[in-house]
Amino acid sequence: MKQVCLLCERTSPGGDLFCQETYCPAEMSPTILDHGDMLGDIEIVKSVIVQRHSILYEAMHQEKRVLLKVANPGQENKERLKRESEFLQSIQLKQEKNKFLPKLIPPYANTTIKQDPYGKSMLQGHLLYFSLFEFVEGEPLQDILKKNPQLWINHVGWIMIGLGSAVAFLNSHGLLHVGLSPESLLVRFEELAEVRAPRIKLFDLGFVADPKNTNKIWYPFFVPPAYTAPELLDARNANADYRSDVYGLGLVLYEMLVGEPAYTFRLRSDADVYRAVRRNQRIAMNRVEDVEKISNLAVKAVNHQPSTRQQDAVDVVKQLTEFFGPIPEKKENPWLNPRTLMII
């Protein structure tokens with residue numbers, strides 16, 4: 001196990017992390033499990049995504065590869081994971097399928113997601129809340145952008161269509177995400193006959209709260225300042241709606257277009273980044289000539305005034321689909337179709 005600072009990204013294998021920066025309090029540094037560590041009967045393979053509220057791991061459970069999400073210390077983080085797991089539980093029990101969301105699986109042997117949508121386990125005197133998901137191949141979008149900051153424009157569009165569709169599904173159930181970033185999703189590329197197409201899974205469902213309850217349970221640390229909507233900067237008067245999720249979609253699209261985050265945040269204190277967001281000091285949109293319509297869409301989505309943004313995630317997806325077309329799918333072999341075989 002090791003400690004990793006969520007702000008300056010320093011690590012300490014001995015668990016005695018001390019940040020020399022004044023804006024990096026040590027208590028904000030969660031313990032990250034290493035290869036071979038055990039959480040109950042779950043064996044860690046590697047960490048996949050480290051976020052402020054939770055950590056996603058690749059793991060082994062009952063001799064099967066799974067994805068494990070563990071809530072970071074703090075009551076708010078535990079409650080967020082519980083809301084996320086209970087939402088996935090509810091749609092799976094109703095057999096509502098969405099290919100862009102992960103599939104929840106039972107956290108223990110000899111139980112079901114109806115009985116236990118999430119699990120609890122003791123580790124070094126701490127009670128940790130966790131949830132298990134069916135394993136899927138993929139890489140965090142954040143890591144993909146580090147290797148290739150400006151993806152092929154069609155890949156950008158198709159990734160955003162998948163992400164927007166996942167958010168629209170969440171919104172259709174009366175829930176907000178309000179925490180979108182390139183760390184929210186896993187992406188893999190599938191080789192089709194005619195094109196290489198991205199496949200996404202939104203493993204971070206965000207705040208998972210009704211817009212009416214946002215002000216009651218909102219806590220700023222849940223999402224990095226650079227990805228916080230302006231209307232949520234005042235924690236005591238946080239006021240979000242579906243246009244707040246449009247802002248999050250706009251930030252991810254903006255980042256993929258310009259090749260860097262809209263608001264610079266590396267090695268900067270939260271206060272500095274909040275100040276930049278309030279003053280609208282984002283990186284200039286420098287990609288216009290080849291995709292002017294899409295860059296205009298991104299600029300509109302990240303407008304500080306919610307009323308000037310697109311209406312909702314459905315509106316964003318519709319505009320993107322008109323420009324890029326639907327995400328390419330693998331064509332089924334008609335000879336493998338049961339109906340065709342019966343006719344023959």
If only atom types and distance count, is the side chain of [X] paired as donor or acceptor with the main-chain N or O of [Y] below 3.5 Å?
{"X": "S85", "Y": "L81", "answer": "yes"}
{"X": "Q150", "Y": "L257", "answer": "yes"}
{"X": "Y263", "Y": "P225", "answer": "no"}
{"X": "Q115", "Y": "T112", "answer": "yes"}
{"X": "N213", "Y": "D210", "answer": "no"}
{"X": "R199", "Y": "R188", "answer": "no"}
{"X": "Y118", "Y": "E86", "answer": "no"}
{"X": "E84", "Y": "L205", "answer": "yes"}
{"X": "Q142", "Y": "P182", "answer": "no"}
{"X": "H61", "Y": "L67", "answer": "no"}

request  = May I ask you to decide whether R243 forms a salt bridge with E231, counting only side-chain N to carboxylate O separations under 4.0 Å?
outcome  = no
For atom [atom1] of [X], decide whether the heavy atoms of other residues, nucleotides or ligands shown that lie under 6.0 angstrom number more than 12.
{"X": "Q305", "atom1": "CD", "result": "no"}
{"X": "Q311", "atom1": "CD", "result": "no"}
{"X": "H173", "atom1": "NE2", "result": "yes"}
{"X": "K82", "atom1": "NZ", "result": "yes"}

Can you see whether [X] engages [Y] through a side-chain donor-acceptor pair at a distance of less than 3.5 angstrom?
{"X": "D245", "Y": "N171", "result": "yes"}
{"X": "N77", "Y": "Y129", "result": "no"}
{"X": "Q51", "Y": "N72", "result": "no"}
{"X": "Y227", "Y": "E255", "result": "yes"}

Exercise for review: Check the pair L151, I144 against side chain to side chain contact (heavy atoms under 4.5 Å, CB included), reporting the backbone distance first and the verdict last.
Suggested key: CA-CA 9 Å; L151 301 174; I144 292 173; 3.9 Å; yes
[X] to [Y] - nearest heavy-atom pair and separation:
{"X": "G40", "Y": "S121", "result": "N-OG, 3.5 Å"}
{"X": "I327", "Y": "P198", "result": "CG2-O, 3.9 Å"}
{"X": "H177", "Y": "G206", "result": "NE2-N, 3.2 Å"}
{"X": "P140", "Y": "L186", "result": "N-CD2, 3.5 Å"}
{"X": "L39", "Y": "L128", "result": "CD1-CD1, 3.9 Å"}
{"X": "A240", "Y": "V178", "result": "CB-CG1, 4.1 Å"}

TODO: Could you list the residues that satisfy side chain to side chain contact (heavy atoms under 4.5 Å, CB included) with I217, not counting sequence neighbours?
DONE: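 Applying side chain to side chain contact (heavy atoms under 4.5 Å, CB included) to I217 gives R83, F207, A209.
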Step-by-step side chain to side chain contact (heavy atoms under 4.5 Å, CB included) determination, L297 to F323:
CA-CA 11 Å; L297 186 158; F323 189 89; over 6 Å; no
Checklist entry - Does the side chain of F324 come within less than 4.5 Å of I294's, by heavy atoms? => result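 A side-chain contact exists here, since the closest heavy-atom pair is under 4.5 Å.
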Step by step, work out the side chain to side chain contact (heavy atoms under 4.5 Å, CB included) result for Y57 and V66.
CA-CA 8 Å; Y57 298 93; V66 297; over 6 Å; no
Can you give the donor-acceptor pairs under 3.5 Å from side chains of residues 158-169 to other protein atoms, not counting sequence neighbours?
| from | atom 1 | to | atom 2 | distance (Å) |
| --- | --- | --- | --- | --- |
| S165 | OG | I161 | O | 2.7 |

Requested in this report: Could you label the plane-to-plane angle of the W218 and F222 rings as parallel, tilted or perpendicular, counting under 30° as parallel and over 60° as perpendicular?
Outcome: perpendicular
**Item:** Worked verdict on E183 versus R52 for salt bridge (charged side-chain N to carboxylate O under 4.0 Å, His left out)
**Value:** CA-CA 10 Å; E183 294 180 333; R52 292 190 171 199; over 6 Å; no
Distance col, row H53:NE2 vs E76:CD, nearest 0.5 angstrom, shows 13.0 Å
Result for side-chain contact (heavy atoms from CB on, under 4.5 Å) between T214 and one of L232, D241, N239 points to L232
| message | Using the rule given for salt bridge (charged side-chain N to carboxylate O under 4.0 Å, His left out), can you reason through D315 versus K318, listing the C-alpha separation, both sets of side-chain angles and the distance that settles it, and then say yes or no? | response | CA-CA 5 Å; D315 193 12; K318 181 180 178 182; over 6 Å; no
- [ ] Evaluate salt bridge (charged side-chain N to carboxylate O under 4.0 Å, His left out) for R80 paired with D204, printing each intermediate quantity in order.
- [x] CA-CA 10 Å; R80 195 216 65 82; D204 170 25; 3.6 Å; yes
Working note: L251 + S181, criterion side chain to side chain contact (heavy atoms under 4.5 Å, CB included); need CA distance, chi angles, decisive distance, verdict.
CA-CA 7 Å; L251 282 181; S181 78; over 6 Å; no
